[in-house]
Structure formats: structure tokens, C-alpha cells
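Each remark here refers to the structure printed beneath this line.
First listed ligand is number 1; within each ligand, the first listed atom is number 1. Nothing here was measured: the structure is a model prediction, and the numbers come from that model. Hydrogens, waters and symmetry mates play no part in the numbers below; they use all other heavy atoms, side chains included.
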Amino acid sequence: MPMTVMPVYGTRPEAIKMAPIVQGLDAADGIDCVPVVTGQHREMLDQVNGVFGIVPKVDLDIFAHGQGLEAVTARTLERLTPVLVEHRPDVVVVQGDTTSALAAGLAAFYRKIPVVHVEAGLRTASIASPFPEEGNRRLLTQITSLHLAPTPVSRDNLLRNGVAREDIVVTGNTVIDALLDVTSRPRPFDVPSLARAQEPGRRVVLVTSHRRESWGDPMRRTARAVARLAVERPETLFVLPLHANPLVREIFVPVLGSIPNVLLTDALSYTDFATLTALAEVVLTDSGGVQEEAPSLGKPVLVLREDTERPEAVEAGTARLVGTDEDLIVREVGLLLDDRAAYEEMANAINPYGDGRAAARTVAAIEALLGLGERLPDFAG
Ligand code: UD1
Ligand code: UDP
């Protein structure tokens, strides 16, 4: 009788980071993998599952226009519970710090099903920032049986929180597995307008912003900084793939929509986004996943936040916290585009977040939890 492992996820970054794990579990002997999606995101989630050829067994389909965190949480709990009763998973696997992850972990906890937390142990100094993610991941730590820390830094955070050493495995981040997978299979862009990024002599700056703490004025300041940079530098193409949240579009389109060397697109497929990151000279982002991917492609990252739960690249010198001060963004991007030495200092390809074997370590750790095998040695960072 195979053991049932149920990964549950709901947003774009969870889908990307869970994909190599789902593939690994599917290939494992003695495991029946039952992927469940909450549908917290809709198009962006389906887009990622499509890229990796994953067809969820259950779709909780909780998305409804205008609903807030409470409704996303409540609907996930209500709709996941009967699925847990029907499939009786031996473990539930959740990833990261989203509302889907916390609600799915809680549903499993209430059914006394062990929770495996992927990307465990990221921390900032304040539970209020990022909101609600920092709270979500701290709460998940309390109800998790097996903590899969991406790096030694996150392992140490868990140890400081009182988690037992034997309940932690350092795996590396599966986003690096996903990135290496798609970049090893180069493909022409799905979105034809991105061909502009490949014109000879074109310089490319990639910009993404979506986080709750960026909504409103911080995001508007980022938009204005990009507008100033674009007007000053007509040879450089500023590409902004816009998150599906309409608030993001409402801010960026009025400020940037009519500048010829700014390209605003819908959220891109993971393959297009990875290809674009590889073409870019500089990445400007408030995204967690993008902060992890860009260093492995040797791209300097300017982080549009006041703090980060991903200090590894900052410490290694390839990422810098710039916040959302308009003048500072203009100055820092200008420095990287104009000063070769400053650029070279930041443009080192490093992999503090993973080595492409995170999913293998994750699957082995789950097998060990289920009594089906042995753990692999930790990722050393
Ligand atoms: C979510 C995650 C965030 C992650 C991001 C990745 C949470 C709290 N946030 O942020 O950690 O970085 O995905 O892209 O899980 N909306 C609806 N109906 C819904 C869901 C969303 O109308 O069912 C609208 C609402 O206006 C909501 C907005 O979309 O305020 C944002 O969606 P939400 O999923 O809460 O947060 P994201 O910004 O996508
Ligand atoms: N990404 C993508 N298409 C885009 C923008 C981002 O596939 O248009 C990918 C990116 O490569 C990274 C992930 O989405 O792996 C990050 O997701 P997001 O920024 O939404 O969330 P976060 O990582 O901040 O939680």
C-alpha cells in the first residue's frame, strides 16, 4: 500500500517551488503524490503548472474577486478538510509563507496529519513585515513536523526558535532546481514583444513589484523612478511584467504606459521570465523568488524593500536593499549602468540559495519521515 503525500499550494511562487518536488514525489517508489491547489491565484498558478506539466488532482478553486485574507483562509480550511478526509494523506506538504500555505497547514494540523514545511525558517526582525507573510511562516513553524530549511541561515533561525535539530533538514531552495530546469531547455519567447529585449545593443533592466507593503505610494515612487531612468536612457529597455493583482496595473500603467522604452506586459510564463532575467543587466524587485534566482544568473539585484528575509545574497554582495526612495533608485540603477567597476563588483554568479538538488533532498527527507528511506546530506550553502 503506497503512502500518500499531499502537496498543497495556491500562488505562483509556491507552484514554481513545489513543481520539482511534485515531479520528484511522482517518481518515488512507494509514494502516491496527490497535488492539491487552492486557487488563491488563478491564471498565474495555472500558467506555472502548465510549464511543468503538472495536473493537480484536486482544485479547491477558492478565488473570488475582491476577497481578503480572511476569506482566502476560511475557504481553504473549509474546502481542504473534506479532501483530507477523503484521501487520508500520510503527510501534507506546504511551501513558504502565503495564506494558502498557512491555511493548508492548519487544516492538516486539525486532522492530526504531519505537516512538512518547505522553505522553513526565513525570518525578519518584525512579525509585521512583510505582512502577513512573516506571521504566516512563524505560525507554520509551530505546527510543522519536518522543517525543510533552504539555507544554513534559515536552519539557524529555526534552532533559535527552539525547533529540534533532528526535525530540520537543509535542502537548498527548490526555486534553483526549477530555474536550472527551464534554463536548460531554451525556448523562443511566448510573448512576441519581448523580442525587443534581444535587439542588438539593447540594454535591459527588469523590474517587478507586487508586495502588500509596496501597494500605494512605495510602488508609485518606484514607477516614477523608472520613468525618470527611462527618459534619461532611451537605449535601455525597462521591462515590467505586471502581477495579476489589478492594484499593480493601476499604479504602473498611468506613469509608464506611454514611454517608448518601457515595456509593460502581463505576468509572464516562468520560461519567458527566466529567459528575460538572463538577458537583463540589472534586476529591480520586491519579489522573494526573484531575489533568489537573479544571483544564480549573475545579475545584480536592487531590492525594493526596507528589509529582507533573504540576507544571503546581500551578504555576498550581489543584492542591495534600496527601499523605494525615488532618488535612491535612480542613483543606484544609474551607478550600475554607468560604472563598470561597480557593476562587476555586484555581478557575481553565486548560489547561496541552492545547487539544483533541493527537490532530491526534500523527497528523501519525506521518505525518511515515512520510514521509506534515508535523508541525504544537508545543503552546505
Ligand atoms: C500572494 C502572497 C504573497 C506572494 C504573492 C506571490 C499572501 C498573503 N500573499 O500575494 O506572499 O508573494 O502571492 O505573487 O498569500 N484577490 C482577489 N481574490 C482572491 C485573491 C486575491 O480578489 O481570491 C485580489 C485581492 O484584491 C487581493 C489581491 O488580489 O488583495 C492580492 O492577492 P493575494 O493573493 O492576497 O496576495 P498577492 O499580492 O497575490
Ligand atoms: N515570475 C514569473 N513571471 C513573472 C514574474 C515572476 O514566472 O512575470 C516568477 C519568478 O521567476 C519567481 C516567482 O515568479 O520564481 C516569484 O513570484 P512572485 O514575485 O509573485 O512572489 P514572491 O516570490 O515574492 O513570493
May I ask you to decide whether D190 forms a salt bridge with R187, counting only side-chain N to carboxylate O separations under 4.0 Å?
yes

Would you call R137-E309 a salt bridge at under 4.0 Å N-O?
yes

Could you give the distance from CD (E306) to CG (D325), rounded to the nearest 0.5 Å?
9.0 Å

Report, in ascending order of atom number, the atoms of ligand 1 lying under 4.0 Å from any heavy atom of P13.
6 (C), 14 (O)

For the pair D97 and R138, find out whether any cationic side-chain nitrogen is under 4.0 Å from an anionic carboxylate oxygen.
no

At a non-hydrogen distance cut-off of under 4.0 Å, which region of P241 contacts ligand 2 (side chain, backbone, both, or neither)?
side chain

Please determine whether a side-chain nitrogen of the Lys or Arg among D61 and R75 lies less than 4.0 Å from a carboxylate oxygen of the Asp or Glu.
no

Given that the side chain starts at C-beta and the backbone is N, CA, C, O, which of these parts of E133 lies under 4.0 Å from ligand 1, counting heavy atoms, or is it both or neither?
side chain

Could you list the atoms of ligand 1 found under 4.0 angstrom from a heavy atom of P132?
8 (C)

Lys/Arg N to Asp/Glu carboxylate O, E326 vs R228, below 4.0 Å:
yes

Would you confirm whether any non-hydrogen atom of the protein falls under 4.0 Å from atom 1 (C) of ligand 1?
yes

R221 with D217: basic N within carboxylate O range, under 4.0 Å:
no

Counting from 1, what ligand 1 atoms have a heavy atom of T99 closer than 4.0 Å?
7 (C), 8 (C), 15 (O)

Atom 22 (O) of ligand 1: closest protein heavy atom, distance to 0.1 Å, is G66 N, 2.6 Å

For ligand 1 and H243, I'd like to know whether there is a polar contact (N/O to N/O, distance under 3.5 Å).
yes

Thinking salt bridges, do R305 and D307 make one under a 4.0 Å N-O criterion?
yes

Top protein contact for atom 16 (N) of ligand 1, by heavy-atom distance
F63 CE1, 3.9 Å

Which residue holds the protein heavy atom closest to atom 25 (O) of ligand 2, what is that atom called, and what is the gap in Å?
P13 CG, 3.4 Å

Lys/Arg-Asp/Glu bridge criterion (N-O < 4.0 Å) met for R310, E119
yes

Does ligand 1 come near enough to I62 that some N or O of the ligand is less than 3.5 Å from an N or O of the residue?
no

Would you say T99 and Q40 are linked by a side-chain donor-acceptor pair, where the criterion is simply a distance under 3.5 Å?
no

Taking only non-hydrogen atoms of A267 and a 4.0 Å limit, the atoms of ligand 2 in range are 8 (O)

Test side-chain contact (heavy atoms from CB on, under 4.5 Å) on H117 and L146 and set out the steps.
CA-CA 6 Å; H117 187 200; L146 173 63; over 6 Å; no

With heavy atoms and a 4.0 Å threshold, my read on which part of H210 contacts ligand 2 is side chain

In the protein, which heavy atom is nearest to atom 12 (O) of ligand 1, and how far is it?
H210 CE1, 3.0 Å

L69 to ligand 1: N or O pair under 3.5 Å?
no

Quick one: does E293 get an N or O within less than 3.5 Å of an N or O on ligand 2?
yes

Looking only at non-hydrogen atoms, which of R212, R42, Q67 approaches atom 23 (O) of ligand 1 most closely?
Q67

May I ask you to decide whether R249 forms a salt bridge with D266, counting only side-chain N to carboxylate O separations under 4.0 Å?
yes

So the atoms of ligand 1 within less than 4.0 Å of a heavy atom of H65 turn out to be 22 (O)

I'd like to know if D355 and R361 make a salt bridge, using a cut-off of under 4.0 Å between side-chain N and carboxylate O.
yes

G288 heavy atoms, cut-off 4.0 Å: which ligand 2 atoms fall inside?
22 (P), 23 (O), 24 (O)

Please write down residue, atom name and distance for the protein heavy atom closest to atom 28 (C) of ligand 1.
N245 ND2, 3.6 Å

Do any non-hydrogen protein atoms sit less than 4.0 Å from atom 32 (O) of ligand 1?
no

Option nearest atom 17 (C) of ligand 1 (shortest heavy-atom distance, choices A64, G288, P246)
A64

Which residue owns the protein heavy atom closest to atom 19 (O) of ligand 2, what's the atom, and how far is it?
S287 OG, 2.7 Å

Minimum side-chain heavy-atom gap V204-T236 below 4.5 Å
no

Which segment of R211 sits under 4.0 Å of ligand 2 when only heavy atoms are counted
side chain

Checking the N or O distance criterion of under 3.5 Å, is ligand 1 in contact with T11?
no

Could D167 and R155 be called an ion pair, given the rule that one side-chain N must be under 4.0 Å from one carboxylate O?
no

Does CD belonging to E235 count more than 12 external heavy atoms closer than 6.0 Å?
yes

Identity and separation of the nearest protein heavy atom to atom 4 (C) of ligand 2:
R12 NH1, 3.2 Å

Counting non-hydrogen protein atoms only, what is the nearest one to atom 7 (C) of ligand 1? Give residue, atom name and distance.
Q40 NE2, 3.5 Å

Heavy-atom pair with the smallest gap, counting every atom of P241 and F273
CG-CE1, 3.9 Å

Heavy atoms only, cut-off 4.0 Å: how does I16 contact ligand 2, side chain, backbone, both, or neither?
side chain

How does Y270 reach ligand 2, if at all, at less than 4.0 Å between non-hydrogen atoms: by side chain, backbone, both, or neither?
both

What residue and heavy atom of the protein are closest to atom 23 (O) of ligand 2, and at what distance?
G289 N, 2.7 Å

Identity and separation of the nearest protein heavy atom to atom 39 (O) of ligand 1
H41 NE2, 2.6 Å

Distance-only polar pair, side chains of N161 and R123, donor-acceptor under 3.5 Å
yes

Ranked by distance from atom 8 (O) of ligand 2, the top protein heavy atom is L268 N, 2.8 Å

To check your reading of the model: name the closest protein heavy atom to atom 30 (O) of ligand 1, its residue, and the distance in Å.
W215 CH2, 3.5 Å

Take the angle between the ring planes of H210 and H243 and call it parallel below 30°, perpendicular above 60°, tilted in between.
parallel

